Amino acid sequence: MTNFVEELRWRGLLHDIMPDTEAHLLEHATAGYIGFDPTADSLHIGSLVQILILKHFQNAGHKPIALVGGATGMVGDPSGKSAERNLLDEASLQKNIEGVKAQLSRFLDFNSSENPAELVNNFDWMKDISLIDFVRDTGKHITVNYMMAKDSVKKRLSSESKVGMSFTEFTYQLFQGYDFYHLYKEMDCKLQMGGSDQWGNITTGTELIRRKAQGKAYAITVPLVTKADGTKFGKTEGGNVWLDANRTSPYKFYQYWLNASDEDAEKYIKIFTFLDKEAIEALIIEHRETPHLRLLQKKIGEEVTIMTHGQEAFDNAIKASQILFGKSTSEDLKSLDEQTFLDIFEGVPQASVSKEDIDNGLDMIGALAAKTGFLNSNGEARRALKENAISVNKEKVKEDFVISTSDIIANAYVLLQRGKKNYFLLKIA
RNA sequence: GGGGAGAUACUCAAGCGGCCAACGAGGACGGACUGUAACUCCGUUGACUACGUCUUCGCAGGUUCGAAUCCUGCUCUCCCCA
């Protein structure tokens, strides 16, 4: 058994810890859990931290339990929310649970002989509890005064909050507390971990265990991952960065990490990779000497992408990145087979043009605006051409350029580009 | 209820009879530079059949050779006094 708490500490992943937790974990192989909300059918990289914590926990010789909140997801956690949440209907909840389960299984080892991971759904034990039982056996142990003292509740009761809080959300912490109690009783689970916003909910659990079972349970929270520029971690203009390849392609996923700022990268390499302390320190030093090489960002991107999507997806992401950002030429583009080409430009907006148009030679104004809608107006197209902003198949073109048959890539496409980052595909139909 | 101010392009904000497709700032986009970055510099930012034409300055009318600018009505916003 290695020192799990120390591991979190040097990685900057320790926010709050209950007294005696570290000592207990050093002496006993312990079962510990983290809950995941099935609010969508995929987790995003915000949840990745929690998953990796469980993985570290397992690596340290303890038993990780991933709890999917099938029941609590029906109630809604008020923590960190300023307004009442919408409830999910049962069908989408079920779909989400399945999706989240599948993703968790990728990261944790469920077949270890020593300390296999386990996946549980709190709906399984919550569904049979009657309201009367719950109120008598659980509610009796926790005072409303105690519950009201939690930040998540206080914030919503204070005058700052314009909306009130429903009884449903008020009850949430008792539900989560009961989960902890249940796992404590049934699986000898003595530790709950989670984001720093979960501290209140977790301590309701340890309190319940103390009063109802005269037991001792422990808690660890990890800090919220932040970005140096103050924007929200895990968000792009396109929305959340998901772990599901269908929602966020491995290429975009890799790019997200690659684009991290230097300051963030020094934090992220500790949080999101399993490299040891020496390796990370060496990398950081090297990175500071040659920041333009972006060793840290590349390493993080590599480790996390492989961990999440596998080696092959990572290789493709690299290939795509080189084509999009490297010094690739139209020759490189033309050498691609159709499948790879489509993978790389997956999600790029496109429009169809007829084969005849190409055969007859398509002028640039038509290709950019009149026939495709890539740019808003012919005037804008003319301006862009004048600004030297337009490329066809990665090569800059002038207003008099005409697209012809020889420009077709992968049998049916022509790649248009405005500036460096705006791509558009013409599909020859 | 009484009095006052205002509504201009993505946002803020000039203009107050012709020189206005409308100063300036921010944003956005592009170019140079760069690390697929930051900073900096430069350019573009109503449309078109494009050295010209057309449609825009809350809405609808009017005055005038000519209106974002003046007049009338309407809608909305803000402020002050009750």
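Numbers restart at 1 for each chain; the letters A, B, ... are given by sequence-line order, proteins then strands. Because the structure is predicted, anything quoted here is derived from the model rather than measured.
Using N1 to N3 plus N6-O4 or O6-N4 for Watson-Crick, or N1-O2 and O6-N3 for G-U wobble, each under 3.5 Å, B:C20 pairs with nothing. Pair assignment for B:U56 gives none, since no Watson-Crick or G-U wobble pairing has each distance under 3.5 Å. Base pairing annotation: B:C76 forms a Watson-Crick or G-U wobble pair with B:G6, both donor-acceptor distances under 3.5 Å. Across all strands shown, B:C71 is found opposite B:G61 as a Watson-Crick or G-U wobble partner, with both distances under 3.5 Å. A 3.5 Å limit on both hydrogen-bonding distances identifies B:U40 as the Watson-Crick or G-U partner of B:A32. As the counterpart of B:U45, B:G27 is assigned, both hydrogen-bonding distances of the Watson-Crick or G-U wobble pattern falling under 3.5 Å.
Side-chain proximity of A:L258 to the nucleotides B:G35, B:U36, B:G31 is greatest for B:U36.
At the heavy-atom level, A:D262 lies under 4.0 Å from base atoms of the strands shown. Heavy atoms of A:S261 sit nowhere under 4.0 angstrom from any nucleic acid atom.
In this structure, A:W257 places its CH2 atom 18 Å from C1' of B:A37, rounding to the nearest Å. Atom pair A:F424:CZ and B:C29:P shows a separation of 18 Å (rounding to whole Å applied). Residue A:N422 contributes atom CG, which lies 17 Å from atom P of B:U36 at whole-angstrom precision. Taking atom CG of A:D264 as the reference point, atom C1' of B:A38 lies 13 Å away to the nearest angstrom. Between A:K420 atom NZ and B:A37 atom C1' there is a gap of 11 Å when expressed in whole angstrom units. Atom CG in A:N259 sits roughly 10 Å away from atom P in B:U36 (whole-Å rounding). Atom NZ of A:K252 and atom C1' of B:U36 are 16 Å apart (whole Å). Atom C1' of nucleotide B:G31 and atom CZ of A:R418 are separated by 12 Å, given to the nearest angstrom.
Ring pair A:Y178/A:H182 is tilted by interplanar angle, where 30° to 60° counts as tilted. Between A:F345 and A:F341, the ring planes are tilted. Angles from 30° to 60° get that label. Between A:F374 and A:F424, the ring-plane angle classifies as parallel under the 30° and 60° cut-offs.
Of the residues in residues 296-320 of chain A, those placing a heavy atom less than 4.0 Å from an atom of RNA chain B are A:Q297, in numerical order.
Checking each of A:T21, A:T221, A:L54 against A:M193 for a side-chain contact (heavy atoms from CB on, under 4.5 Å) leaves exactly one that passes, namely A:L54.
The separation of B:C41 from B:A25, taken at their P atoms, amounts to 12 Å, rounded to a whole angstrom. Look at the C1' atom in both B:C54 and B:G58: the space between them is 22 Å, to the nearest Å. When the P atom is used for both B:C10 and B:A28, the distance is 16 Å, rounded to whole Å. To the nearest whole angstrom, the two P atoms, one in B:C51 and one in B:G43, are 24 Å apart. The separation of B:A7 from B:A14, taken at their C1' atoms, amounts to 15 Å, rounded to a whole angstrom. Atom C1' of B:C16 sits at a distance of 16 Å from the matching atom of B:G66, rounded to the whole Å. Distance check on atom C1': B:U77 versus B:C59 gives 15 Å, rounded to whole Å. Separating the C1' atom of B:G15 from that of B:A68 is a span of 8 Å, rounded to the nearest Å.
Between the side chains of A:D109 and A:S112, not a single donor N or O lies within less than 3.5 Å of an accepting N or O.
Although no hydrogens or angles enter the test, the distance criterion places a donor-acceptor pair under 3.5 Å between the side chain of A:N121 and the main chain of A:G70. Of the possible donor and acceptor atoms, none in the side chain of A:Q417 sits under 3.5 Å from a partner among the backbone N and O of A:Y423.
A salt bridge does not link A:E399 with A:K386: every distance from a Lys NZ or Arg NE/NH1/NH2 to an Asp or Glu carboxylate oxygen is 4.0 Å or more. The existence of a salt bridge linking A:R418 and A:E380 is confirmed by a sub-4.0 Å separation between a basic side-chain nitrogen and an acidic carboxylate oxygen. Ion pairing of A:D359 with A:K355 is present here, as a side-chain N (NZ or NE/NH1/NH2) and a carboxylate O approach within less than 4.0 Å. Electrostatic pairing of A:K267 and A:E263 does not count as a salt bridge here, judged by no charged N lying under 4.0 Å from a carboxylate O. Salt bridge absent: A:E387 and A:R383 never bring a charged side-chain N and a carboxylate O closer than 4.0 Å.
In the interface, the side chain of A:N388 is not paired with the base of B:G30 through any donor and acceptor atom under 3.5 Å apart.
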Heteroatom pairs (N/O) under 3.5 angstrom, protein to nucleotides 48-51 of chain B:
residue	atom	partner	partner atom	Å
B:C48	OP1	A:N378	N	2.9
B:C48	OP2	A:S377	OG	3.3
B:C48	OP2	A:G379	N	2.8
B:A50	N7	A:R382	NH1	3.4
B:A50	N6	A:R382	NH1	2.4

Output one line per pair: protein atom, nucleotide atom from nucleotides 41-45 of chain B, and distance, for all N/O pairs under 3.5 Å.
residue	atom	partner	partner atom	Å
B:G43	N2	A:E387	OE2	3.4
B:U44	O4'	A:E387	OE2	3.2
B:U44	O2'	A:R383	NE	3.1

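Base orientation of B:C51: syn, since the glycosidic angle falls within 90° of 0.
Within a 6.0 Å sphere centred on CZ of A:R288, other residues, nucleotides and ligands contribute 12 heavy atoms or fewer.
Taking only side-chain nitrogens and oxygens, A:K421 comes nearer than 4.0 Å to OP1 or OP2 of B:A37.
Side-chain atoms of A:L426 and A:Y413, non-hydrogen and from C-beta on, never get closer than 4.5 Å to each other.
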